[in-house]
Amino acid sequence: MTDLINLMNDLLWGSILVYLLVGVGIYFTFRLGFIQFRHFGHIFSVLRNSRKSDSSGISSFQALCTSLAARVGTGNMAGVAVALTLGGPGAIFWMWMTAMLGMATSFAESTLAQLYKTRDKDGNYRGGPAYYMEKGLGMRWMGVLFSIFLIIAFGLVFNAVQANSISSAMNTAFGFEPLHVGIVIVLLSSFVIFGGIRKIARTAELIVPFMALAYIVIALAVVFINIDKLPAAINLIFRSAFGLEQAAAGGIGYAIAQAMINGVKRGLFSNEAGMGSAPNAAASATPYPPHPASQGYVQMLGVFVDTIVICSATVAIILMSGEYVPHGEITGIELTQRALSSQVGDWGSIFVAFAIFFFAFTSIIANYSYAETNLIFLEHNNKKGLVVFRIIVLGMVMFGSLATLPVVWSMADVSMGLMAIVNLVAILLLSGIVVKLAKDYNRQLKAGKLPTFDANDYPELKSQLEEGIWDNNKSQ
């Protein structure tokens with residue numbers, strides 16, 4: 001069974017998904033006219049008005065923080081170290097390239113999630129890939145398949161893995177017993193997830209910006225201390241990306257391949273662009289400007305912050321520390337802890353432990369919110385089923401705190417890979433609508449108007465949308 005799971009994992013992530021995700025990123029980059037580069041400045045214009053919400057939706061800023069809570073986790077600290085160890089510094093260049101392309105994919109999936117959102121029984125906005133598969137493509141079976149894969153990966157297994165990361169870090173840094181750590185995580189998680197989507201959004205809004213900023217400040221301090229090493233580190237990344245560093249040794253082809261595979265894979269794992277996860281948060285927002293595409297712009301920033309900013313912070317800490325050894329035995333979170341401690345002293349390891357705690361904890365509650373939205377899609381708002389599911393999620397959090405999870409982690413990778421394939425097929429089939437919405441938004445923007453979407457202007461789409469959400473924009 002383990003061999004079969006590992007075979008599927010290698011097949012999915014070793015070839016199929018890497019090419020598919022990068023290919024879709026290139027496709028949307030061209031079809032949307034390089035939107036992530038041409039309109040990068042506009043992202044911040046949208047962000048300035050992102051604190052607005054209403055009785056049905058959370059604010060765009062809260063949706064961004066919720067998606068960042070899920071994106072930014074142990075992978076940003078441990079995963080980058082693994083990519084460096086296996087693929088060399090050149091992997092970081094390809095990680096950056098993947099993020100740049102992924103921003104266009106993220107725009108597409110988040111815009112669609114906004115367009116096809118619905119209201120649940122409590123009046124809150126819900127949506128995501130499952131919803132645009134059912135409403136936009138008329139394929140509920142496809143949405144059901146996607147929801148099952150997401151619930152397994154994000155709702156159950158990834159939460160166990162995040163809890164395991166917290167437990168291990170706290171045990172290493174302070175000697176805390178995993179059982180005690182697990183109880184604390186379960187209590188904190190239950191307090192938030194039983195409060196519903198709004199409490200999850202508020203918690204993410206408070207924790208994520210603070211921790212991300214603290215981590216970036218520490219990384220900038222390390223760069224400042226080692227400012228003389230910065231040009232050499234950047235040069236090393238670019239030379240390694242194209243095999244120039246390895247040319248003398250005659251292994252140029254293999255070196256480039258390893259850098260690309262590890263960089264692309266880590267970038268995709270980290271920013272989740274195209275996975276179909278972040279759109280679940282994007283659909284919960286009341287966007288401003290009141291147009292589906294505005295949430296696409298906001299979520300593009302999530303990809304940028306996750307990979308270009310936070311992952312690069314980890315890269316700076318490791319490469320400038322002198323602790324990095326190509327293909328060395330020390331990797332993952334231990335390498336990051338050693339690298340930071342060598343620069344700032346023993347408290348560096350403690351800081352990383354706290355960073356892991358908060359990043360992983362917010363990942364748990366954000367992952368749960370994604371799973372909840374998809375469970376509601378499957379069960380049509382069954383309240384009793386939701387309570388049972390929350391208890392199961394908390395059970396998986398406790399299990400993860402106490403157990404090692406190599407096989408379960410591999411199962412989650414397979415489930416997430418299948419989830420991504422289903423989502424990528426859907427957004428390609430709906431790409432014409434994405435382009436139409438982007439053009440509509442930018443046409444109004446160029447005319448000096450506030451971009452506003454009215455379903456009455458699109459009779460070919462109106463029948464697919466939930467009544468009252470976009471009609472004359474009354475709900476906005």
Side-chain angles (χ1 to χ4, degrees), residues 62 64-83 95 99 153-154 157-174 176 181-182 184-186 188-189 192-193 200-220 266-267 269-272 275 277-278 281 301-318 332-337 339-340 347-370 397 400-401 405 409 412:
Q62 287 177 323
L64 173 63
C65 289
T66 302
S67 66
L68 273 173
R71 283 184 173 118
V72 179
T74 54
N76 294 75
M77 290 176 280
V80 170
V82 172
M95 188 177 73
F154 282 81
V157 184
F158 284 172
N159 279 345
V161 173
Q162 295 290 353
N164 186 261
S165 299
I166 295 174
S167 176
S168 299
M170 289 296 154
N171 182 259
T172 300
F174 306 108
F176 293 160
V181 176
V184 171
I185 302 170
V186 167
L188 289 173
S189 300
V192 178
I193 68 176
I200 291 170
R202 283 195 296 269
T203 303
E205 183 182 27
L206 289 172
I207 295 176
V208 172
F210 172 76
M211 281 310 304
L213 188 60
Y215 193 63
I216 292 164
V217 167
I218 292 291
L220 288 174
R266 183 48 49 200
F269 263 112
S270 178
N271 61 56
E272 298 179 16
M275 296 286 183
S277 50
L301 183 62
V303 176
F304 181 85
V305 170
D306 173 88
T307 305
I308 306 299
V309 178
I310 298 178
C311 285
S312 296
T314 302
V315 172
I317 290 170
I318 294 173
I333 199 64
E334 186 180 352
L335 176 57
T336 306
Q337 285 180 305
L340 187 56
W347 68 267
S349 181
I350 295 172
F351 174 80
V352 171
F354 274 111
I356 288 173
F357 178 86
F358 286 109
F359 283 149
F361 172 69
T362 52
S363 289
I364 288 172
I365 60 174
N367 289 347
Y368 165 77
S369 74
Y370 293 169
V397 168
S401 301
L405 309 162
W409 176 257

So how far is it from [X] [atom1] to [Y] [atom2], rounded to the nearest 0.5 Å?
X	Y	atom1	atom2	value
Asn159	Asn164	CG	CG	12.5 Å
Leu64	Leu301	CG	CG	5.5 Å
Ile166	Phe359	CD1	CZ	12.0 Å
Thr314	Ile317	OG1	CD1	5.5 Å
Leu206	Thr362	CG	OG1	11.5 Å
Glu272	Phe154	CD	CZ	4.0 Å

So, for [X] and [Y], which heavy atoms are closest and what is the spacing to 0.1 Å?
X	Y	answer
Arg71	Ala278	NH2-CB, 3.4 Å
Ala163	Ile185	O-CD1, 4.1 Å
Ala339	Ile318	CB-CA, 3.8 Å
Met170	Val181	CB-CG2, 3.9 Å
Asn171	Phe176	ND2-O, 2.9 Å
Met211	Ala355	CE-CA, 3.5 Å

Inset, instruction - Please check if the side chain of Ser369 supplies one atom and the backbone of Ala366 the other of a donor-acceptor pair under 3.5 Å. - result: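 Yes.
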Inset, instruction - May I ask you to test the Val309-Ile216 pair for a side-chain heavy-atom distance under 4.5 Å? - result: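 Touching, per the 4.5 Å side-chain cut-off.
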Legend entry - Check: Leu188 and Phe357 side chains under 4.5 Å, non-hydrogen atoms: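 SC-SC contact between Phe357 and Leu188 confirmed.
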Inset, instruction - Under the ring pair (Phe, Tyr, Trp, His ring centres under 6.0 Å) rule, what do Tyr215 and Phe354 come out as? Steps first, then yes or no, please. - result: CA-CA 11 Å; Tyr215 193 63; Phe354 274 111; over 10 Å; no
Legend entry - Modelled atom types, side-chain donor and acceptor of Tyr370 and Thr66, under 3.5 Å: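 Thr66 and Tyr370 do not have a side-chain donor-acceptor pair below 3.5 Å.
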